[in-house]
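Down below is the structure, laid out as C-alpha cells.
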Amino acid sequence: MKIAIYPGSFDPITFGHLDIIRRAADIFDKVIVCVMVNAEKNPMFSLDERVAFVHDAVKKWNNVEADSANILLAEYAKEQGAVAIVKGLRVMSDYEKECQMALINKRINPDLDTVFLPASERYTYLSSSIVKEMAKYGASLDEFLPMHMIADIQQRAKRVSEF
Ligand code: ADP
C-alpha cells in the first residue's frame, strides 16, 4: 500500500489544500493529512481545532485520514510507513522553500520522496493567511472554505480583531 503524508499548519484548511488532497488521494492508496506542531508559527486555531476541521473536511474520502504530529516529519513518515510527502506549490517562492525541505527529509529518511503538485489555477492565490485576513474584515468566505467551517472562522477572527 502506497501511503503519502500531506503535512502543513492548516490554520485553517482551505479549498486550496483540499484540492491537493483530492488529487493526491487519486494517486496514492492512502493520504494522511498531518497537522504539524510548528513552534515558529502563532496559529489562530489550536492543534485540536485544526485537526477537527481537517477531519470533517476529508471524511467524504475513504482513503484520507487526519492526524497531527510533534516530531520530525521524516520520522513521522517512517512511523506511518509512508513512501512520499505531498506538497502543493503555488509560486516560485514555495518551490525554493519546499525543495530545501525535501532534500533535508531525504537525507534523514532516504526511502522518502517528496511529490510536488502544482496548485490549481483557481486556488493559486489562496492561503490560510489570506482567509484569516478576509475573515477579520468580515468578507465572504464562501469561495475559500467548506461551508461547515465558516461560522467558526468568522467568530474567531472577530474575537482576534477586537483585541
Ligand atoms: P499556508 O502556506 O497556506 O499557511 P500550510 O502551511 O498549511 O499553508 O501548507 C501546507 C501545504 O499546502 C504546503 O505544501 C502549501 O504549499 C500547500 N498549499 C497551501 N495553500 C495551497 C493552495 N491554495 N494550493 C495548493 N497548495 C497549497
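Every number for a ligand or one of its atoms is a count from 1 in the order of the listing. Since the structure is predicted, the reported quantities are computational estimates derived from the model, not experimental observations.
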Requested in this report: Determine yes or no for a side-chain-to-main-chain donor-acceptor pair under 3.5 angstrom, with Ser46 supplying the side chain and Glu49 the backbone.
Outcome: yes

Query raised in the report: Short list, please: which atoms of ligand 1 are under 4.0 Å from a heavy atom of Leu126?
Result: 20 (N), 21 (C), 22 (C), 23 (N)

Report task. Could you establish whether Pro7 and ligand 1 come within less than 4.0 Å of each other, counting only heavy atoms on the residue side? Result -> yes

Query raised in the report: Considering only heavy atoms, which of Gly88, Ser93, Gly8, Ser128 lies nearest to atom 15 (C) of ligand 1?
Result: Gly88

Query - With Asp94 via side chain to side chain donor-acceptor pair (under 3.5 Å) - residues at least two apart - result: Arg90

Query raised in the report: For ligand 1, which atoms sit closer than 4.0 Å to a heavy atom of Asp94?
Result: 16 (O)

Query - Any N or O of Ile20 closer than 3.5 Å to N or O of ligand 1 - result: no

Query - Minimum-distance protein heavy atom relative to atom 4 (O) of ligand 1 - result: Lys41 NZ, 3.9 Å

Query raised in the report: Do the charged groups of Arg23 and Asp19 touch, with an N to O distance under 4.0 Å?
Result: yes

**Report entry** Validation row: Thr114, Glu98 side chains within 4.5 angstrom (heavy atoms)
**Finding:** no

Query - Positive for side-chain contact (heavy atoms from CB on, under 4.5 Å) with Pro7, one of Val35, Val86, Leu73 - result: Leu73

Query raised in the report: Are Ser129 and ligand 1 in contact, using a heavy-atom cut-off of under 4.0 Å?
Result: no

Query - Phe10 neighbourhood, listing ligand 1 atoms whose heavy-atom distance to it stays under 4.0 Å - result: 7 (O)

Query raised in the report: For ligand 1, which atoms, with element, lie under 4.0 Å from some heavy atom of Ser127?
Result: 3 (O)

Report task. Keeping the roles fixed (side chain from Thr14, backbone from Gly16), state whether a donor-acceptor pair exists under 3.5 Å. Result -> yes

Query raised in the report: Which residue from Gly16, Ser9, Pro12, Ala119 reaches closest to atom 6 (O) of ligand 1 through any of its heavy atoms?
Result: Ser9

Query raised in the report: Can you find a pair of side-chain heavy atoms, one from Asp113 and one from Lys106, that are under 4.5 Å apart?
Result: yes

Query raised in the report: Does at least one non-hydrogen atom of Tyr6 fall below 4.0 angstrom from an atom of ligand 1?
Result: yes

Requested in this report: Check ligand 1 against Lys87 and write out every atom of the ligand that is under 4.0 Å from a heavy-atom position of the residue.
Outcome: 14 (O)

Query raised in the report: Quick one: nearest non-hydrogen protein atom to atom 8 (O) of ligand 1, plus distance?
Result: His17 NE2, 3.3 Å

Query raised in the report: Would you say Arg90 has any N or O atom under 3.5 Å from an N or O of ligand 1, going by distance alone?
Result: yes

Query - Check: Phe45 main-chain N/O paired with Arg50 side-chain donor or acceptor under 3.5 Å - result: yes

Report summary line: With Ile3 as partner, the option from Ile32, Asn63, Asp29, Val31 fulfilling side-chain contact (heavy atoms from CB on, under 4.5 Å) is Ile32

Query raised in the report: Counting heavy atoms not belonging to Tyr95, are there more than 12 under 6.0 Å from its OH?
Result: no

Query raised in the report: Backbone or side chain, does any N or O of Tyr123 fall under 3.5 Å from an N or O of ligand 1?
Result: yes

